Amino acid sequence: MFSVSSASTSSSTAATEGSIGSRGKGRGLIRAAAATLATGLVAAGTLVGATTATAAPADETGQHQGGAVAVLDGLKTYGTAQLNTGKGEKPQELPAGLFEMKVDGGGTIQTYCIDFHTPTKDGAKYLETPWDQSSLGTNQDAGKVRWILQHSYPQVNNFAALAEQAGTGQLDEKTAAAGTQVAIWRFSDKADVTAKDANAEKLADWLEANAKNVAEPKASVALSPAAVSGKAGEKLGPVTVHTDAGQVAVAPPADAAASGVQVTDKAGKPVTEAADGTDLYFSVPQDATDGSSSFSVQASTSVPVGRVFAGLIKSQTMILAGSSESTVSATATATWAEKGAVPAVTAEKNCAKGGVDITASNTGDEDFTFELAGTEHTVPAGETRTVTVPVGEDEAYDFTITGPDGFSKNFKGVLDCETAGTPAPGDDVTTQTGSEPTPAASSPAPEGDLAETGGSSATPIIAGVAIALVVLGGGAVFLLRRKKPQTGGE
């Protein structure tokens with residue numbers, strides 16, 4: 001039986017609803033953080049599954065569907081922008097330009113910000129993420145942001161040619177980066193923002209005027225579904241490869257020599273390389289004992305321009321502008337058992353419903369029953385069900401799925417589906433920060449908190465909330481729906 005246990009109170013539920021409402025009305029991060037702290041909204045959830053699978057390792061990137069994993073290395077190339085508040089006040093100056101991130105496994109990527117009222121945290125881990133699991137998912141101008149990235153710096157690094165095409169004066173790295181970022185903010189954040197440098201402002205105006213909606217790029221690499229199940233003696237799958245790279249290397253299960261599990265095509269032929277659209281299977285020997293296994297695919301490639309990068313903790317959402325040759329990978333897991341319910345479980349952010357979808361499929365020969373908040377649900381043999389766990393905007397979550405014999409799988413992250421929006425009167429504006437020099441008027445933040453530049457006096461509190469919250473809203477309504485087995489796709 002799957003069950004969810006959580007520590008919660010009615011005040012926690014009220015705080016969650018209040019936080020979402022404040023975001024919907026465009027209030028600032030400080031007000032939301034204060035409301036959250038006042039209620040002490042900290043809860044935990046655990047799903048327990050009936051399977052005899054062996055332990056599956058916990059993954060700190062949780063439901064990551066594959067692609068690049070990177071660590072923020074600060075704002076590197078930037079100029080100055082001005083935020084016009086429309087309140088009769090002097091425009092607020094803020095840095096505008098390119099961040100750099102170090103990719104796990106090797107490589108460097110450059111990104112622009114697409115949520116500039118949210119502070120960054122240097123050293124934060126970021127995951128390559130589909131648009132529909134970010135603020136771009138409901139933004140009708142998302143494709144225009146990608147067009148800007150394709151037609152400006154750093155994709156276009158001939159500054160004389162860019163200046164001539166855009167009708168600006170002389171451009172350099174800093175002014176081109178600032179103008180590009182300002183143009184992006186006008187679409188990603190609907191912000192009234194200008195570049196302080198006249199030529200950077202002309203570039204921003206040209207990019208904004210000429211931008212066209214273009215399609216979301218493919219993932220650098222992803223596998224769907226990320227988990228499958230079945231019986232020994234069968235080919236478990238398919239698991240479909242999605243990649244912008246020409247080919248990916250297929251790494252066999254680490255325990256292949258002992259378990260005899262192979263990665264094959266539909267015909268049962270072992271596979272060591274795959275391309276976009278390839279279906280892969282776990283081939284499990286007939287005499288294999290109940291257990292689980294996993295394989296990964298990997299490529300060294302440039303991550304496609306326009307891929308979103310979301311923080312594993314609360315930190316400004318980014319969009320990719322340039323990439324070196326970087327290492328990208330994705331992993332899929334299989335579980336098998338001789339009899340009974342045989343579940344496979346995945347998780348995915350659901351921005352449309354404001355929560356995290358936990359999907360359980362059952363390929364066994366008995367019903368798979370799970371319980372949520374005292375209500376019991378059943379997944380019949382051969383069917384799939386999805387439970388949407390409500391999570392407040394900007395709140396962290398951490399769900400661990402466990403079962404007999406040490407089976408465990410962890411899903412964690414931050415639900416960040418909206419831009420922060422313009423703060424209400426009385427709220428401070430917290431804009432992007434990086435590794436640029438700290439203005440003399442700013443006070444250094446304690447080590448481990450948000451970078452100093454551009455942050456308000458409340459940024460240490462916000463950082464603490466983002467890291468500390470482990471949220472499964474108590475008393476919230478759980479939504480259950482029938483769903484076909486996932487086939488995946490970009």
Side-chain angles (χ1 to χ4, degrees), residues 49 51-57 59 63-67 218-299 328-348 359-365 368 379 381-384 407 409 483-490:
T51 175
T52 53
T54 57
D59 179 5
Q63 74 278 7
H64 190 214
Q65 295 158 313
K218 290 182 179 179
S220 60
V221 65
L223 294 171
S224 65
V228 294
S229 63
K231 296 182 181 295
E234 299 177 346
K235 289 190 294 293
L236 311 186
V239 175
T240 304
V241 177
H242 305 281
T243 182
D244 185 69
Q247 280 194 323
V248 296
V250 181
D255 61 350
S259 67
V261 176
Q262 294 182 308
V263 182
T264 71
D265 59 18
K266 189 174 182 179
K269 181 181 178 181
V271 175
T272 58
E273 291 183 334
D276 183 51
T278 300
D279 285 339
L280 302 176
Y281 296 79
F282 290 84
S283 181
V284 183
Q286 181 70 47
D287 60 353
T289 57
D290 295 354
S292 67
S293 190
S294 62
F295 73 83
S296 61
V297 296
Q298 182 172 297
V328 295
S329 63
T331 301
T333 302
T335 301
W336 60 91
E338 181 180 356
K339 60 183 179 180
V342 188
V345 183
T346 59
E348 180 178 300
T359 299
S361 62
N362 177 19
T363 56
D365 52 21
F368 177 53
V379 182
E383 294 192 17
T384 297
F407 178 89
K409 191 164 186 179
K483 183 177 180 182
K484 296 180 180 179
Q486 295 178 349
T487 55
E490 284 293 312

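From a predicted model like this one, the values you see are computed outputs, not experimental measurements. Side-chain atoms are counted along with the backbone in the values below, which use heavy atoms only and exclude waters and symmetry mates.
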For the student: nearest non-hydrogen atoms of [X] and [Y], plus distance:
| X | Y | result |
| --- | --- | --- |
| T335 | S292 | OG1-CB, 3.9 Å |
| A337 | K231 | O-CG, 3.6 Å |
| A275 | G246 | CB-O, 3.8 Å |
| P225 | P238 | CD-O, 3.6 Å |
| A381 | G364 | CB-O, 3.2 Å |
| P253 | S293 | CB-OG, 3.1 Å |

Taking side chain as C-beta onward, heavy atoms only, is [X] less than 4.5 Å from [Y]?
| X | Y | answer |
| --- | --- | --- |
| Q262 | V271 | no |
| D279 | K266 | no |
| Q298 | V221 | no |
| V228 | V239 | yes |
| V379 | T384 | no |
| K235 | F282 | no |
| V248 | V241 | yes |
| S220 | D244 | no |

Calculate, to the nearest 0.5 Å, the distance between atoms [atom1] and [atom2] belonging to [X] and [Y] respectively.
| X | Y | atom1 | atom2 | value |
| --- | --- | --- | --- | --- |
| T278 | Q247 | OG1 | CD | 8.5 Å |
| L280 | L236 | CG | CG | 12.5 Å |
| T363 | E383 | OG1 | CD | 12.5 Å |

Item to complete: Could you tell me whether a side-chain N or O of D255 sits under 3.5 Å from a main-chain N or O of A258, the two making a donor and an acceptor?
Response: no
Practice prompt. Without swapping roles, check the side chain of N362 against the backbone of P343 for a donor-acceptor pair under 3.5 Å.
Written response: no
Item to complete: Please say which of V263, V261, T333, T331 ends up in a side chain to side chain contact (heavy atoms under 4.5 Å, CB included) with F295.
Response: V263
Practice prompt. Give the intermediate values and the outcome of side chain to side chain contact (heavy atoms under 4.5 Å, CB included) for residues V297 and T243.
Written response: CA-CA 10 Å; V297 296; T243 182; over 6 Å; no
Discussion item. What I want to find out is whether K218 reaches D276 closely enough, with some N-O distance under 4.0 Å, to be called a salt bridge.
Written reply: yes
